[in-house]
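Worksheet for the structure shown next.
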Amino acid sequence: MRILLVEDEPKMAAAIARGLRQEGYAVDTATTGDEALFQARVYDYDAIVLDVMLPGRDGFEVCRTLRDEERWAPVLMLTALDQVADRVNGLDSGADDYLVKPFSFGELLARVRALLRRRPRERPAVLCAAGVELDPASHTVSRDGEPVDLTAREFSLLRFMMEHPSDVLTRTSLLEHVWDENYVGPSNVVDVYVGYLRRKLERPFGRPLIRTVRGVGYTLEAE
């Protein structure tokens, strides 16, 4: 999942970005409202974590502009403004959720997971496909009841595929949603990680999970 984090306080931004990346999310950062709008117009983010108090355009204006442009990535607003009127203003500007500072990182993660389940359709808390169960909250994966140990990137790739179980996903879409803008490496990285998943989730269980669609990308095998 690719997330845009908009926060102008460097230490706060670094801490949140580091925590999200450790959970397997790809994270891009912006420090101003204008920068946030530019990036949101370029990339199709799965969620946006948006601070209210920003230089120039504040978070309320950024969110209203995104909605006016029909950009529907779910938005979690972060702010030190804890009056009811402030929360109402944030939600009325188009935000999906609102978190008051100071907050625990665990709560931010839980709210991000809840937002991701809503886009673009309601998704179950635990994802299931072809005997595989993936729990984003506990960061665990199993197949046929047997635990499978995945790296953070493998987990993120599998999660994105399981959230689009009937779709044929192009290599470009997988790269854009699972790796962030700072990725520099071989162009076949998606194929390499699909190979890692097959090694862990197909070979030990004697049946396929991921099907290659020649010239396009990958899709999950039907049940």
Side-chain angles (χ1 to χ4, degrees), residues 1-5 17-29 39-48 73-74 109 112-113 115-117 119-121 123-223:
M1 300 288 101
R2 189 168 185 173
I3 294 173
L4 175 61
L5 170 63
R18 182 171 59 251
L20 289 171
R21 287 175 180 137
Q22 287 173 349
E23 291 295 316
Y25 296 106
V27 182
D28 296 340
T29 58
Q39 292 188 239
R41 288 163 179 158
V42 173
Y43 300 108
D44 179 23
Y45 288 103
D46 297 289
I48 299 173
L109 272 179
V112 168
R113 287 194 299 267
L115 289 183
L116 291 172
R117 287 199 298 271
R119 184 183 187 265
R121 54 190 177 275
R123 297 187 176 97
V126 177
L127 304 172
C128 301
V132 176
E133 291 191 0
L134 182 149
D135 186 339
S138 63
H139 218 268
T140 56
V141 174
S142 65
R143 190 168 198 188
D144 299 339
E146 293 291 327
V148 179
D149 186 29
L150 300 182
T151 67
R153 189 72 69 191
E154 291 165 355
F155 185 92
S156 186
L157 176 59
L158 179 63
R159 176 179 176 174
F160 186 73
M161 296 184 76
M162 292 183 70
E163 289 185 334
H164 302 80
S166 60
D167 297 346
V168 176
L169 300 170
T170 66
R171 290 172 176 82
T172 299
S173 68
L174 291 169
L175 189 63
E176 288 180 348
H177 285 271
V178 181
W179 283 263
D180 61 32
E181 64 180 352
N182 297 313
Y183 172 73
V184 177
S187 59
N188 68 335
V189 65
V190 172
D191 302 320
V192 171
Y193 272 83
V194 167
Y196 294 157
L197 290 178
R198 284 172 166 160
R199 191 176 307 156
K200 293 181 177 182
L201 288 163
E202 293 186 353
R203 295 178 188 174
F205 300 93
R207 67 186 197 278
L209 174 65
I210 301 170
R211 178 166 58 88
T212 301
V213 180
R214 189 176 298 277
V216 182
Y218 298 99
T219 188
L220 292 180
E221 291 284 358
E223 292 281 359

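What's counted below: heavy atoms across the whole structure, side chains too, no hydrogens, waters or symmetry copies.
Put simply, CD on Gln39 and CD1 on Ile48 are 10.0 Å apart, with the number rounded to the nearest 0.5 Å. Taken to the nearest 0.5 Å, the CG atom of Leu220 stands 7.0 Å off from the CE atom of Met162. Expressed to the nearest 0.5 Å, how far CZ of Arg159 lies from CG of Asp46 amounts to 9.0 Å. One distance of note links NE2 of His177 with CD1 of Ile3; it measures 12.0 Å at 0.5 Å rounding. Summarising the geometry, atom CG belonging to Leu109 is positioned 6.0 Å from atom CG belonging to Leu20; distances are rounded to the nearest 0.5 Å. Interatomic distance, CG of Leu169 versus CD of Glu176, reported as 12.0 Å (0.5 Å rounding).
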Report task. Determine, stepwise, if the pair Phe205 / Val148 fulfils side chain to side chain contact (heavy atoms under 4.5 Å, CB included). Result -> CA-CA 11 Å; Phe205 300 93; Val148 179; 4.0 Å; yes
Query raised in the report: After noting the C-alpha distance and the side-chain angles of Leu150 and Leu197, does the key distance pass the side chain to side chain contact (heavy atoms under 4.5 Å, CB included) rule?
Result: CA-CA 8 Å; Leu150 300 182; Leu197 290 178; 4.1 Å; yes
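A heavy-atom distance below 4.5 Å is not found between the side chains of Asp149 and Lys200.
The side chain to side chain donor-acceptor pair (under 3.5 Å) check on Ser138 picks up Asp135, Thr140, with sequence neighbours excluded. The side chain to side chain donor-acceptor pair (under 3.5 Å) check on Arg143 picks up nothing, with sequence neighbours excluded.
Across every non-hydrogen atom of Tyr45 and Leu4, the tightest pair is CD2-N, 3.6 Å. Contact detail for Phe155 and Pro136: the closest heavy-atom pair is CZ-CA, 4.0 Å. Residues Leu5 and Ala17 come closest through the heavy atom pair CD2-N, 3.8 Å. The two residues Leu157 and Val194 make their nearest non-hydrogen contact at CD2-N, 4.0 Å. Closest non-hydrogen pair, Gln22 versus Ala152, comes out as O-CB, 4.3 Å.
Between Arg207 and Asp144 there is a salt bridge, with a side-chain nitrogen of the basic residue lying less than 4.0 Å from a carboxylate oxygen of the acidic one.
Using modelled atom types, no side-chain atom of Thr219 and backbone atom of Ser166 make a donor-acceptor pair closer than 3.5 Å.
Cation-pi geometry between Arg153 and Tyr193 is not met: the NZ or CZ atom fails to fall both under 6.0 Å from the ring centre and inside 45° of the normal.
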I'd like a table of donor-acceptor pairs (distance under 3.5 Å, sequence neighbours excluded) in which one partner is a side-chain atom from residues 209-218, with atom names and distances.
{"residue": "Thr212", "atom": "OG1", "partner": "Arg198", "partner atom": "NH2", "Å": "2.8"}
{"residue": "Tyr218", "atom": "OH", "partner": "Asp191", "partner atom": "OD1", "Å": "2.5"}

